[in-house]
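A short write-up of the structure that comes next.
Chain letters run A, B, ... following the sequence lines, proteins first and then strands; every chain starts at 1. The shown structure was predicted, so the numbers you read here are calculated from the model rather than taken from an experiment.
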Protein chains: 2
Amino acid sequence: MTTREPISRRERPAKPALSREAIIDAALLVLERDGAEKLTIRRVAAELDTGPASLYVYVKNVTVLHALLIDGLLADLDLAWDDTEPWRERLHRVISDYVDLLTEHGNLARSAMFVWPDGPHYLSLVDLLLRLLQSADADEKTAAWGIDLILQHANIAAAEWAARASGTGQDLDELATTLASADERRHPTLAAFDTAVFVQGTPDERRRWALDILLDGITTKRHR
Amino acid sequence: MTTREPISRRERPAKPALSREAIIDAALLVLERDGAEKLTIRRVAAELDTGPASLYVYVKNVTVLHALLIDGLLADLDLAWDDTEPWRERLHRVISDYVDLLTEHGNLARSAMFVWPDGPHYLSLVDLLLRLLQSADADEKTAAWGIDLILQHANIAAAEWAARASGTGQDLDELATTLASADERRHPTLAAFDTAVFVQGTPDERRRWALDILLDGITTKRHR
DNA sequence: ACCTGAACACCGTTCAAGT
DNA sequence: ACCTGAACACCGTTCAAGT
């Protein structure tokens, strides 16, 4: 497998030259085949028939690899602008789509929390959000910081849900039990509270609720 | 610390019997000595002069180990209730304390995002938050879900800041450049926007701003 | 039941050497 | 400059065997 003379031509898919694009392609393949938790430098390198060291010319670290991927996935997002749909509805829809997309690849969502997946698709998403918040009369700072806050929340929602699904997190029953066992002396407010409420609601309900809180807050604009 | 026979007295610190408490003690020591990113099952086990397998009788996995620790750290939190301080100020103060505490141990903050550190101190924190939101006239659901949202935001803030400090994240300059390079055709709204705003503000300012958004949203209570 | 050594199945990253 | 094999320095978790 070194400088091979033009033998039979296509004995194998012909080892592609390394490049950022080739890496993304290989990574997408690994993602689909092995799942997000297996999306490691080593596996992508193996997919490219090389050692892990080779990738470091193109990606600074794993987090960057993840960010690269996320932007790729975002290509599937529906970012169409629709005059007739109220801004709030549209925003709910796009964030819901975004969370769904990330949730399918739980591990990636964790990375999304720490890097802005700075690719063209992510920029398009930000562009749409900005347009929506502007149409809701948010001023510059509120819009910009608000987008950060909204995406942060979406990322957490995806990561949390994925953690729950993979069994890495703790189950809600456990949490409910702890809350219910609040001591009357040490935690009087909690003891007098219907703690079941904490764990109520479907993920969807809670996401929607939380986003509304955010949007209410953003459009209230106290400017304190 | 156990019922020790009066032998020669202090030949060694006397290998303590394993227990959840002993594990927490050892973990706190590792945390202080080696930092949060080194707080692994293996290191804590080594600290206890045993193999990693031994800990699995007491902790289900690393995440649980982290959760245990977080609750321990929360012991230092000032949770006093003060009639004279307006609820909003008090809430800002306690969340700010909480974030500071977690930020010092960045890696732990990441775990806090996926487990409720269900120990007595965490319950006390929740108790205080509940009391504060109730005094702001939030109904049950709004208070409970709101606390979840607030803590989520605090956890992210801590984790993000820690990631930035450790160099794992991406630096803001990079992000600013990407945003500024928005293409006029593909990202018209962004191109016409002063993208510098996205990365403006100190962490403190942004935290305070975000929490106010949350609180504004929570106290608005649209009930849609 | 509790505890353990050893193994299993991996990681990310760096380095010295090649081309 | 780009690419690589090999090594470094770790991980979490499980298992079979002991007490």
B:His121 and B:Asp76: side chain donor to acceptor below 3.5 Å | no

If we ignore angles and hydrogens, is there a donor and acceptor under 3.5 Å between the side chains of B:Glu160 and A:Gln152?
-> yes

Could you list the residues that satisfy ring-ring contact (aromatic ring centres under 6.0 Å, His included) with A:Tyr98, not counting sequence neighbours?
-> none

According to a strict under-4.0 Å criterion, is A:Tyr58 in side-chain N/O contact with OP1 or OP2 of D:dC3?
-> yes

Answer yes or no: does a side-chain N or O of A:Thr50 lie under 4.0 Å from OP1 or OP2 of D:dC3?
-> no

Which pairs, protein N/O on one side and nucleotides 17-19 of chain D N/O on the other, fall under 3.5 Å?
none

Closest to side chain of B:Val57, choosing from D:dC2, C:dC3, C:dC10 = C:dC3

B:Leu55 CG to C:dC2 C1': how many Å, rounded?
-> 13 Å

Sub-4.5 Å side-chain heavy-atom contact between [X] and [Y]:
X	Y	value
A:His187	B:Leu130	no
B:Glu205	B:Thr202	yes
B:Asp127	A:Phe193	no
A:Tyr58	A:Leu65	no

Any residue meeting salt bridge (Lys or Arg N to Asp or Glu O under 4.0 Å) with A:Arg93, in chain and number order, not counting sequence neighbours | A:Asp78, A:Glu85

Go through the structure and list residues passing salt bridge (Lys or Arg N to Asp or Glu O under 4.0 Å) with B:Asp204, not counting sequence neighbours.
-> B:Arg207

Could you please spell out the steps behind the side chain to side chain contact (heavy atoms under 4.5 Å, CB included) verdict for A:Leu175 and A:Leu179?
-> CA-CA 6 Å; A:Leu175 173 57; A:Leu179 287 171; 4.1 Å; yes

Strictly under 3.5 Å: I want the nitrogen or oxygen pairs between protein and nucleotides 13-16 of chain D, one per line.
residue	atom	partner	partner atom	Å
D:dT13	OP2	B:Tyr56	OH	2.8
D:dT13	OP2	B:Val62	N	3.3
D:dT13	O5'	B:Tyr56	OH	3.3

Give a yes or no on whether B:Arg33 atom CZ has more than 12 heavy-atom contacts from other residues, nucleotides or ligands under 6.0 Å away.
-> yes

Treat a base pair as Watson-Crick or G-U wobble with both distances under 3.5 Å, then lay out DNA chain C in dot-bracket form, 5' to 3', with | for cross-strand pairs.
-> ||.|||||...|||||.||

Whole-angstrom distance between D:dC2 and C:dA17, as gauged at atom C1' | 13 Å

